[in-house]
Amino acid sequence: DDTPVISSRESAFDPYLFITYTGQTGSPKTINVSHDAYLRKDQAARNYGGCTYMEFNGGGDADDRRPILYFDLSAIPSGATITSALLKVHVTTAKTGTVTVRRLTRDWCLQATTCLCPNKVVEGDLNGAVPDSVGEGYGATWDNYFYNANSAACPWTTTGGDYYAASRGSLVMGSAAGWKTADITSLTQGWYASTIPFQGFALTSSSNTVARIASRESANKPYLSINYTTSQGSNISLSARPLLTCDRGLITVNMTVNSS
């Protein structure tokens with residue numbers, strides 16, 4: 001009987017597949033803001049987490065205002081390499097000046113507005129009101145990162161938000177409304193790699209006039225545009241020697257598989 005016989009998985013030469021593949025590439029990935037609010041100095045006990053807009057104002061005056069934002073990067077696959085990350089905000093009321101991205105120093109409470117998370121920023125869902133009932137829960141204000149008028153206050157270390165002074169990117173506002181962009185690649189790479197605490201950021205303005213951007217409650221919510229790559233399969237040549245046996249001895253067949 002000259003019927004060929006090949007080795008099985010129980011042998012030293014078990015059959016196998018060699019697969020070459022190419023990994024996924026981001027093209028780019030859009031990640032909408034998951035939590036945001038703005039803080040207002042002249043209304044220091046009011047929460048603006050439910051507004052359809054967020055306001056800027058700088059200069060150290062009594063009516064300073066600044067947005068705070070948080071993004072969830074869980075949609076970026078494990079093992080990816082982020083090559084670029086752009087923050088996009090839609091300006092609805094334009095004023096000239098520069099807006100600076102500054103990394104916050106506190107974690108966020110990512111549950112409902114009623115969650116009890118001391119030492120964590122709570123977005124809140126009010127539209128310029130003081131949270132003062134159980135139903136209104138808690139919210140971030142100019143004075144506090146976690147506040148309800150009927151509970152113990154949790155004040156920022158510095159009123160107006162706790163953030164690092166170093167710039168992580170900037171938006172040039174200009175005099176026209178529309179989409180504006182800040183490059184925050186290094187910050188996003190640090191978040192993804194866990195070399196920078198994932199705590200969101202504040203946007204501070206150099207202008208002493210009020211400007212507005214759309215919030216997550218609007219159609220033109222802030223978002224990140226992220227380009228990334230994932231690991232790719234190697235293109236190699238494989239030499240294999242399938243074994244065939246018969247009753248007259250051992251037959252060796254040399255085989256080469258090329259992949260390009």
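What you see is a predicted model; the values in this text were computed from it and never measured.
- Between the side chain of R66 and the backbone N or O of G160, at least one donor-acceptor pair lies under 3.5 Å.
- A pairwise comparison of heavy atoms in A37 and G49 identifies CB-CA, 3.7 Å as the closest pair.
- Nearest heavy-atom pair across Y164 and L104 is CE1-O, 4.0 Å.
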Audit row: W179, Y223, ring pair (Phe, Tyr, Trp, His ring centres under 6.0 Å) steps and yes/no: CA-CA 11 Å; W179 289 100; Y223 68 93; 5.4 Å; yes
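- Counted by atom type alone, Y138 and S151 present one or more donor-acceptor pairs between their side chains at under 3.5 Å.
- Side chain of S206 to backbone of T98: a donor-acceptor contact under 3.5 angstrom is found.
- F71 places a side-chain heavy atom less than 4.5 Å from the side chain of L87.
- Annotation: side chain of I213 is in contact with side chain of L203 (closest heavy-atom distance under 4.5 Å).
- Listed here is the closest heavy atom pair of I184 and G169: CG2-CA, 4.5 Å.
- Side-chain N/O atoms of S207 and S205 include no donor and acceptor closer than 3.5 Å.
- Closest heavy-atom contact between A140 and V121: CB-CG1, 4.2 Å.
- Side-chain atoms of D61 never come within 3.5 Å of backbone atoms of D63 as a donor-acceptor pair (strictly under, hydrogens ignored).
- Remark: T159 OG1 to N144 CG distance equals 10.0 Å, nearest 0.5 Å.
- Between the side chains of T185 and D183, at least one donor N or O sits under 3.5 Å from an acceptor N or O.
- Using modelled atom types and a 3.5 Å distance limit, the side chains of N227 and S84 yield a donor-acceptor pair.
- Ring pair F201/W191 is parallel by interplanar angle, where below 30° counts as parallel and above 60° as perpendicular.
- Of the possible polar contacts, one joining the N47 side chain to the E123 backbone as a donor-acceptor pair under 3.5 Å is found.
- Judged purely by atom type and a 3.5 angstrom limit, Y147 has no side-chain atom pairing as donor or acceptor with the backbone of V122.
- A salt bridge does not link E55 to K95: none of the charged nitrogens lies less than 4.0 Å from a carboxylate oxygen.
- Using a cut-off of 4.0 Å between Lys/Arg side-chain N and Asp/Glu carboxylate O, D107 and K120 are scored as not salt-bridged.
- Counting all heavy atoms, side chain and backbone alike, Y38 lies closest to C51 at CE2-SG, 4.3 Å.
- Here the side chain of W142 pairs no donor or acceptor atom with the backbone of Q43 at under 3.5 angstrom.
- The side-chain heavy atoms of M173 and V99, taken from C-beta on, include a pair separated by under 4.5 Å.
- With hydrogens and angles disregarded, no donor-acceptor distance shorter than 3.5 Å links the side chain of R65 to the backbone of F56.
- Side-chain contact check for I226 versus T188: some heavy-atom pair is nearer than 4.5 Å.
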Candidate pair L224 and T30, rule side-chain contact (heavy atoms from CB on, under 4.5 Å), full reasoning: CA-CA 6 Å; L224 298 180; T30 295; over 6 Å; no
CA sep, side-chain torsions, deciding dist, call: H35, L110, side-chain contact (heavy atoms from CB on, under 4.5 Å): CA-CA 8 Å; H35 295 74; L110 304 182; 3.7 Å; yes
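- Defined by atom type and a distance below 3.5 Å, a donor-acceptor pair is present between the side-chain atoms of T181 and K88.
- Taking the six-membered ring where tryptophan is involved, the planes of Y145 and W156 are perpendicular, since the angle between them exceeds 60° and thus also 30°.
- A donor and an acceptor atom, one from each side chain of N220 and S218, are nowhere located under 3.5 Å apart.
- Remark: the backbone N or O of A149 is not paired with any side-chain donor or acceptor of D132 at under 3.5 angstrom.
- Aromatic pair F198/Y70: ring centres closer than 6.0 Å.
- Here the closest heavy-atom approach between residue D64 and residue G58 is recorded as OD1-O, 3.3 Å.
- Counting heavy atoms from C-beta outward, R103 and I196 have side chains that approach closer than 4.5 Å.
- Between the side chains of T204 and R102, at least one donor-acceptor pair of N or O atoms lies under 3.5 Å.
- Within the 3.5 Å criterion, the main-chain N or O of I68 finds no donor-acceptor partner in the side chain of D36.
- The closest donor-acceptor contact from the side chain of D72 to the backbone of S34 lies at 3.5 Å or more, if one exists at all.
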